[in-house]
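Let me begin by presenting the structure, written as structure tokens, before commenting on it.
Labels below follow one simple rule: chain letters A, B, ... track the order of the sequence lines, proteins then strands, and each chain is numbered from 1.
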Amino acid sequence: MPELPEVETIRRQLAPVVEGRELCELRVLDPRWCDPAAPSEVADAVRGRAAEALSRRGKYLDLELEGEVHLVMHLRMTGNLLYRAEPGEERPHTRAVLSLGDGGELAFCDVRRFGTGIVLLGDAARDGYFAERLGVEPLGPGFTAEALRAQAEGRTAPVKAFLLSQKRIAGVGNIYADEALFRARIHPLRPVGALNADQIAALRDAVVASLEAGIDARGATIDDFRHSDGAKGSFQDRFLVHRREGEPCPECGTAIAKLRAAGRGTYVCPSCQPPPRLKRRAGPPARRPGRPRAAP
DNA sequence: AGGTCGGCCTGGCAGC
DNA sequence: TGCTGCCAGGCCGACC
């Protein structure tokens with residue numbers, strides 16, 4: 001699943017390929033891709049413009065064209081942006097094709113058809129689009145322990161749901177949320193507002209470390225994420241807990257457990273990430289704390 | 001208003 | 001073997 005490190009990997013590979021090139025034509029093969037805009041509308045907006053930059057915000061790619069025209073794309077679950085120097089046979093599940101001025105082309109391929117491309121006219125429109133959807137950029141200077149604490153304060157949502165909320169932190173998805181929580185030794189179901197200052201600081205550092213490790217490995221390929229040249233990432237081989245149910249914890253050897261948090265498959269070390277206290281149900285009074293139990 | 005959940009979509013696979 | 005049905009999940013909108 002493309003999360004921040006996967007999108008950043010694509011961006012780094014494609015930026016030198018597209019920057020400075022003219023965008024000759026955009027063929028939208030699946031109208032859903034740019035819904036609700038019409039394919040012809042999107043194609044007309046970008047045709048003939050030079051690409052000035054390929055940037056990233058959260059999990060979004062922003063192809064910045066001359067005249068402040070932005071083609072903003074999201075890969076969602078199964079999207080890929082694949083480059084080839086010469087046009088060839090259409091790849092399966094191609095939703096849109098960008099033809100570049102040097103004869104190369106960029107294919108947006110997406111099995112599950114969740115991926116999107118929209119055109120935004122003007123830098124202000126682009127800024128507004130991101131501002132109303134995305135919170136702090138986790139690899140940017142604004143992502144400090146203090147900023148995280150301010151966001152978390154008073155919230156009762158499980159910390160994993162909090163990490164997945166793009167309006168809080170932009171770019172963290174299911175993989176890197178699990179990895180960061182393990183590194184910070186925090187259970188995903190802990191209410192984020194109940195974390196102490198040390199835990200918040202550890203979480204901030206763990207999010208950054210996990211994302212940077214993902215970028216270093218050029219992303220993770222679980223199902224069908226590919227680099228722009230079709231190669232696979234390698235971070236899936238370096239997961240500490242994600243998708244490792246039953247395998248030993250790299251820290252303590254306890255078997256990794258799988259649970260559900262925020263509606264997502266979630267992996268934890270039950271020993272390194274102690275679960276929050278269960279809410280006591282009405283019934284017989286609980287044993288007083290501190291009193292030693294009878295020996296078994 | 002914060003939090004949770006279903007819909008979107010398709011390939012892969014478990015189970016009968 | 002072949003079919004059914006469930007699972008995966010980023011994001012949005014509906015609902016509590």
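For A:K258, no side-chain nitrogen or oxygen approaches OP1 or OP2 of C:dC7 to under 4.0 Å. Residue A:R243 has no polar side-chain atom (N or O) positioned under 4.0 Å from OP1 or OP2 of C:dC7.
Atoms CZ (A:R260) and P (B:dG3) sit 20 Å apart, rounded to a whole Å. Nucleotide B:dG3 holds its C1' atom 10 Å from the CZ atom of A:R168, rounded to whole Å. Residue A:L75 contributes atom CG, which lies 17 Å from atom C1' of B:dC8 at whole-angstrom precision.
Side-chain atoms of A:R183 and A:S210 form a donor-acceptor pair, as typed in the model, at a separation below 3.5 Å.
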**Request:** Indicate for each nucleotide in nucleotides 10-16 of chain C, in 5' to 3' sequence, whether protein heavy atoms under 4.0 Å reach the base (B), only the sugar-phosphate (S), or nothing (-).
**Result:** BBS----
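With salt bridges taken as basic N to acidic carboxylate O contacts below 4.0 Å, none links A:D110 and A:R113. A:E25 has a carboxylate O that lies under 4.0 Å from a charged side-chain N of A:R47, or vice versa, which qualifies the two as a salt bridge.
Partners of A:E137 under the side-chain contact (heavy atoms from CB on, under 4.5 Å) rule, at least two apart in sequence or in another chain, are A:L4, A:R56, A:R57, A:A170.
Residue contacts shown for A:T156 are limited to sugar-phosphate atoms, with no base heavy atom under 4.0 Å away. Counting any heavy atom pair closer than 4.0 Å across all strands shown, A:P92 reaches no nucleic acid atom.
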**Asked** Would A:N80 and A:F108 count as a side chain to side chain contact (heavy atoms under 4.5 Å, CB included) if you check the C-alpha gap in whole Å, the side-chain angles of each, and the deciding distance to 0.1 Å?
**Response** CA-CA 6 Å; A:N80 278 319; A:F108 192 111; over 6 Å; no
Please tabulate, one pair per line, all N/O donor-acceptor pairs under 3.5 Å involving side-chain atoms of residues 260-269 of chain A, not counting sequence neighbours.
residue	atom	partner	partner atom	Å
A:R260	NH2	A:G263	O	2.8
A:T266	OG1	A:K160	NZ	3.0
A:T266	OG1	A:A261	N	3.4
A:T266	OG1	A:R264	O	2.9

Please tabulate, for the side chains in residues 114-123 of chain A, all donor-acceptor contacts under 3.5 angstrom to protein atoms that are two or more places apart in sequence or on a different chain.
residue	atom	partner	partner atom	Å
A:D123	OD1	A:H70	NE2	2.6

Under 3.5 Å, which protein N or O atoms sit close to an N or O of nucleotides 10-13 of chain B? Give each pair with its distance.
residue	atom	partner	partner atom	Å
B:dT10	OP1	A:R113	NH1	2.7

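A ring pair (Phe, Tyr, Trp, His ring centres under 6.0 Å) check over residues 146-190 of chain A, counting only residues at least two apart or in different chains, returns the pairs A:Y176-A:F235.
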